[in-house]
Amino acid sequence: DEVLGILRGAGAEPIEHGGVTICDMDSLKAGIDHARTEAAQVVVGLGGAMCMDLAKGVAVGALHDDWRERFMAGTSLAADEGHLAVIEVPTYPSTGSEADPVGDIVGPFGGIEGVWPTASLICPRLTVSLDARNTALSALVTLTQVTASVVGDENPFSRALGTAALRAAIAAERTLR
């Protein structure tokens, strides 16, 4: 309700597609149908990995009629193919979906790659608090996501950004000790 209020206050007309508990082909189809019916322009993934991955899938499927084949094959979306804007708002730190281009589908399907979030918003009031062990494990997931942009990257600009992010993550971890 708080997020819907914020969106409405900013002049948006949000359409809720809540109750997602799994990111499977049925949930994906329902979300795509909803986005197409309502002519969505932006998809907000608010929740854990399932919700954020579903948002990426809906963003692709809303614009591509061959979405089912793409997801079953686990293909990568080319940069010029386009998708709806995706805003990720993680409420449970788990997979790093807010910081990577992958959308996984539960079941014998591959998912989709190449869908980077347009923006990711971290709001402490919306984030579930975890015990110390699970917070540390979540930090490792974030560290792994950041490291992926450094290891093997030949582009000097993105390598420099990834290295800076990695240094910041390590410094933050030391501060939390």
Side-chain angles (χ1 to χ4, degrees), residues 15-122 127-128 134 137-159 161-163 165-166 169:
I15 300 145
E16 191 171 2
H17 185 75
V20 174
T21 58
I22 190 165
C23 184
D24 61 5
M25 290 300 260
D26 291 338
S27 297
L28 185 57
K29 182 178 181 332
I32 290 168
D33 290 346
H34 197 182
R36 287 178 175 180
T37 299
E38 299 294 336
Q41 296 176 345
V42 176
V43 182
V44 178
L46 171 67
M50 296 288 180
C51 294
M52 291 188 289
D53 286 352
L54 185 70
K56 291 176 183 179
V58 169
V60 171
L63 299 183
H64 298 279
D65 290 335
D66 64 343
W67 66 269
R68 186 178 300 275
E69 292 79 15
R70 289 171 182 264
F71 278 84
M72 291 182 79
T75 59
S76 186
L77 189 71
D80 63 347
E81 288 187 280
H83 56 79
L84 295 179
V86 178
I87 299 174
E88 302 286 33
V89 184
T91 59
Y92 181 84
S94 58
T95 66
S97 188
E98 70 280 5
D100 71 29
V102 179
D104 293 321
I105 304 299
V106 173
F109 313 108
I112 193 90
E113 293 187 22
V115 184
W116 288 94
T118 307
S120 295
L121 308 173
I122 309 296
T127 303
V128 175
N134 285 311
L137 291 173
S138 296
L140 287 174
V141 169
T142 301
L143 190 59
T144 301
Q145 296 291 337
V146 170
T147 302
S149 66
V150 176
V151 177
D153 191 339
E154 306 256 340
N155 180 315
F157 181 73
S158 61
R159 186 173 179 87
L161 286 176
T163 302
L166 186 55

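Positions are given from 1, in the same order as the sequence printed here.
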4.5 Å side-chain heavy-atom contact, V102 and I112
no
Heavy-atom closest pair, residues D104 and C23:
O-SG, 3.4 Å
Where P90 and L121 come nearest, the two heavy atoms and their spacing:
CD-O, 3.3 Å
Is the CD atom of E16 crowded by more than 12 outside heavy atoms at less than 6.0 Å?
no
Run the side-chain contact (heavy atoms from CB on, under 4.5 Å) test against A59 and tell me which residues pass, sequence neighbours left out.
V43, H83, L84, V86
Atom pair CD (E98) and OG (S120), whose distance is rounded to the nearest 0.5 Å:
6.0 Å
Of all the heavy-atom pairs spanning A62 and R36, show the shortest one and how long it is.
O-NE, 3.5 Å
Which heavy atom in R70 sits nearest to a heavy atom in H64, and how many Å separate them?
NH2-ND1, 3.6 Å
Show which side-chain atoms of residues 27-35 pair as donor or acceptor with protein atoms under 3.5 Å away, not counting sequence neighbours.
from : atom 1 : to  : atom 2 : distance (Å)
S27  : OG     : I22 : O      : 3.0
S27  : OG     : D24 : OD1    : 3.0
K29  : NZ     : D33 : OD2    : 2.7
H34  : ND1    : H17 : ND1    : 3.0

Between CD1 on residue I105 and CE on residue M72, distance to nearest 0.5 Å
11.5 Å
For the residue pair V115 and P101, establish whether any side-chain heavy-atom pair is separated by less than 4.5 Å.
no
If you look only at pairs with a residue in residues 37-60, which of them pass as a salt bridge (Lys or Arg N to Asp or Glu O under 4.0 Å), with sequence neighbours excluded?
K56-D100
Would you indicate whether the side-chain heavy atoms of T21 and M50 approach each other to under 4.5 Å?
no
